[in-house]
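The block underneath contains the structure these notes are about, expressed in structure tokens.
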Number of protein chains: 2
Amino acid sequence: MPARQTSKPRISKPRARRQTPETRPYHHGDLRRVLIDAALQLAAEGAEVSVREAARRAAVSPGAPFRHFPNRDALMAAVAEEAQRRFRVEIEAALAEASSIDPLARFRAFGIAYVRWAMHNPAHFEIISTGRYFAYGSSAELIRDNAELVALSERMLAEAASQGLLRSPDLKRTLIAGRALIYGFARMNLDGHFPRWGVEEGEIERMAEGVIDLFIAGIAKG
Amino acid sequence: MPARQTSKPRISKPRARRQTPETRPYHHGDLRRVLIDAALQLAAEGAEVSVREAARRAAVSPGAPFRHFPNRDALMAAVAEEAQRRFRVEIEAALAEASSIDPLARFRAFGIAYVRWAMHNPAHFEIISTGRYFAYGSSAELIRDNAELVALSERMLAEAASQGLLRSPDLKRTLIAGRALIYGFARMNLDGHFPRWGVEEGEIERMAEGVIDLFIAGIAKG
DNA sequence: CCGAAATGTAATCGATGATTACATAATGGA
DNA sequence: TCCATTATGTAATCATCGATTACATTTCGG
């Protein structure tokens, strides 16, 4: 039988507590948090996110993560939560900065911020948008965060409609069209379609603005 | 030459015969083809496409596929080629059936056929659109097929422009916008976004038409 | 202070992509 | 026709991965 490995002299270091009243980690300090960060970084590096690699970066055994996440999908869901939170913060900051009264101008700022974030954080955007890496319904926070962004879009267009700015009376249709346009543009970039469509790398951001403007001009009355 | 059918003593191989009706020869007839079909079917079933499972379905050893594909990505690229071919055939058939002179009506038919195919073949659509499963540049046929569809879209809009049907003089921008809208809609469905946006399953196809109509009305002059 | 709960480790499992050495079939030149 | 070469499939093996289990250790509450 292999001799039991003597355990490392663990220095008990009281780490900073999270404010959230969740499961409080004991041994590692805050392994759950560290694992999420490691996974986020892996995603940001474009590497494949594996539980083992996250554990490796946290300097912990391969089985340890499963004390905090029932399976890989749960880890990915937590990663998505964090990415979604950052996404929402960024979008709301951009809207706050825009500070326009015109709802269509706000919609424009929203769309541009959306595409820009997706361009700068491709791996995170991928994780939060496809639902390929985890069961979407597994995270209430993710659902809530997303619903708020949906509601935000709805409000902008509803306001535009109430001011008589829109051509179509079908608000839902207009909303879905705008969303499809923005999401589609972001994904075309992420999925590497633009080279096939003759759109150069440095041209993409400008093209995003142009395309959103064209859409708004199309739905605006007059 | 008449293929010599050899009797097979097959002493050293008590291997279990698979359910193939004829006694399976040592050499598979067209393993490459069969592997692609098996992988296509796996994708269609929504299962994860693994080389081993494809080999299993072809009743062949796990290493055999690597005689035909240098690695998994190459298999996936071949699968994407086949899926893309079917996709193109379907789109062109839909356009032929539309047989409208109006370029914008043709664009509409194109978009609807696009979304419909993506809805009915989610796994295939995923494979050909993301480039996550293989290196896109690895297949000349894939590039060519795709370029033809791009050119097809361009022609439709260029024709519309030449007939003075478009509001914007920026053809490229209009093209990208239309593509982003259609691709985005198809992906929203594939990525499971519609429930969050209050679009019911049975409503999606109608919504696709509505959204495309709205877009066309937005870019059309008058 | 002590026992229970929390959390980490070691060992192990089955599946996968991939590589290597070897076995067998198919092909074509002498 | 013979047989050597090439194409193609098999067997064995490896490293990695997600996941589970038994066990060790740390922390916390009564």
Side-chain angles (χ1 to χ4, degrees), chain A residues 1-15 17 21-35 38-39 42 47-77 79 133-135, chain B residues 1-18 20 22-35 38-39 42 47-77 79 133-135:
Chain A
M1 294 300 117
R4 176 147 298 292
Q5 197 81 354
T6 47
S7 62
K8 278 188 274 190
R10 288 192 173 278
I11 308 169
S12 70
K13 38 187 169 184
R15 291 256 314 169
R17 286 287 152 69
E22 291 181 17
T23 59
R24 295 186 310 184
Y26 296 86
H27 292 104
H28 186 281
D30 193 347
L31 182 54
R32 181 188 159 87
R33 178 82 240 154
V34 171
L35 286 171
L42 277 172
E48 199 177 333
V49 179
S50 78
V51 178
R52 292 179 96 97
E53 182 58 28
R56 219 168 276 134
R57 298 204 175 187
V60 102
S61 78
F66 293 92
R67 291 288 182 194
H68 298 272
F69 305 96
N71 52 43
R72 179 179 185 278
D73 282 6
L75 208 207
M76 296 308 294
V79 171
Y133 304 99
F134 60 94
Chain B
M1 319 271 170
R4 179 176 60 101
Q5 278 302 34
T6 56
S7 61
K8 40 181 78 68
R10 185 84 62 167
I11 42 175
S12 62
K13 295 199 181 280
R15 212 143 328 290
R17 288 283 155 71
R18 316 307 287 223
T20 319
E22 324 164 68
T23 52
R24 193 169 63 85
Y26 184 88
H27 277 52
H28 201 290
D30 190 351
L31 183 54
R32 182 188 160 86
R33 177 80 242 156
V34 172
L35 286 171
L42 277 172
E48 199 178 332
V49 179
S50 79
V51 177
R52 292 180 98 97
E53 182 58 28
R56 219 168 277 133
R57 298 205 174 185
V60 104
S61 78
F66 293 92
R67 291 287 180 194
H68 299 272
F69 305 96
N71 51 43
R72 180 179 183 277
D73 282 6
L75 207 206
M76 295 309 293
V79 171
Y133 305 99
F134 60 94

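Note on naming: letters A, B, ... go to the chains in the order of the sequence lines (proteins, then strands), and numbering restarts at 1 for each one.
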Please report the interatomic distance CG(L35(A)) to CZ(F66(A)), rounded to the nearest 0.5 Å. 10.0 Å
side-chain contact (heavy atoms from CB on, under 4.5 Å) between V34(A) and R32(A), worked out: CA-CA 5 Å; V34(A) 171; R32(A) 181 188 159 87; over 6 Å; no
Tell me the interatomic distance from [X], atom [atom1], to [N], atom [atom2], rounded to whole angstroms.
X: H68(A); N: dG18(D); atom1: NE2; atom2: P; value: 16 Å
X: L31(A); N: dT9(C); atom1: CG; atom2: P; value: 8 Å
X: Y133(B); N: dT16(C); atom1: OH; atom2: P; value: 17 Å
X: E48(B); N: dA15(C); atom1: CD; atom2: C1'; value: 10 Å
X: M76(B); N: dG17(C); atom1: CE; atom2: C1'; value: 14 Å

Hey, does F134(B) have a side-chain heavy atom less than 4.5 Å from the side chain of R72(B)? no
Which listed nucleotide (dG18(D), dT9(C), dG17(C)) is nearest to the side chain of S50(B)?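 Closest nucleotide among those given: dG17(C).
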Shortest non-hydrogen contact between P70(A) and A74(A), atoms and distance: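 Distance-wise, the nearest heavy atoms are CD-CB, 3.6 Å.
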Looking at every non-hydrogen atom in both residues, tell me the closest pair between A39(B) and V79(B) and how far apart they are.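 Closest approach of A39(B) to V79(B), heavy atoms only: CB-CG2, 3.4 Å.
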N/O-N/O pairs, protein side and nucleotides 18-20 of chain C side, under 3.5 Å:
from, atom 1, to, atom 2, distance (Å)
dA18(C), OP2, R72(B), N, 2.6

Could you tell me whether R56(A) contacts a base, only the sugar-phosphate backbone, or nothing, with contacts defined as non-hydrogen atoms closer than 4.0 Å?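 The answer is sugar-phosphate, as R56(A) gets under 4.0 Å only of primed atoms, P, OP1 or OP2.
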Could you list the donor-acceptor pairs under 3.5 angstrom formed between side-chain atoms of residues 48-56 of chain A and any protein atom two or more places apart in sequence or on another chain?
from, atom 1, to, atom 2, distance (Å)
S50(A), OG, E53(A), N, 3.0
E53(A), OE1, R56(A), NH1, 2.5
E53(A), OE2, R57(A), NE, 3.3

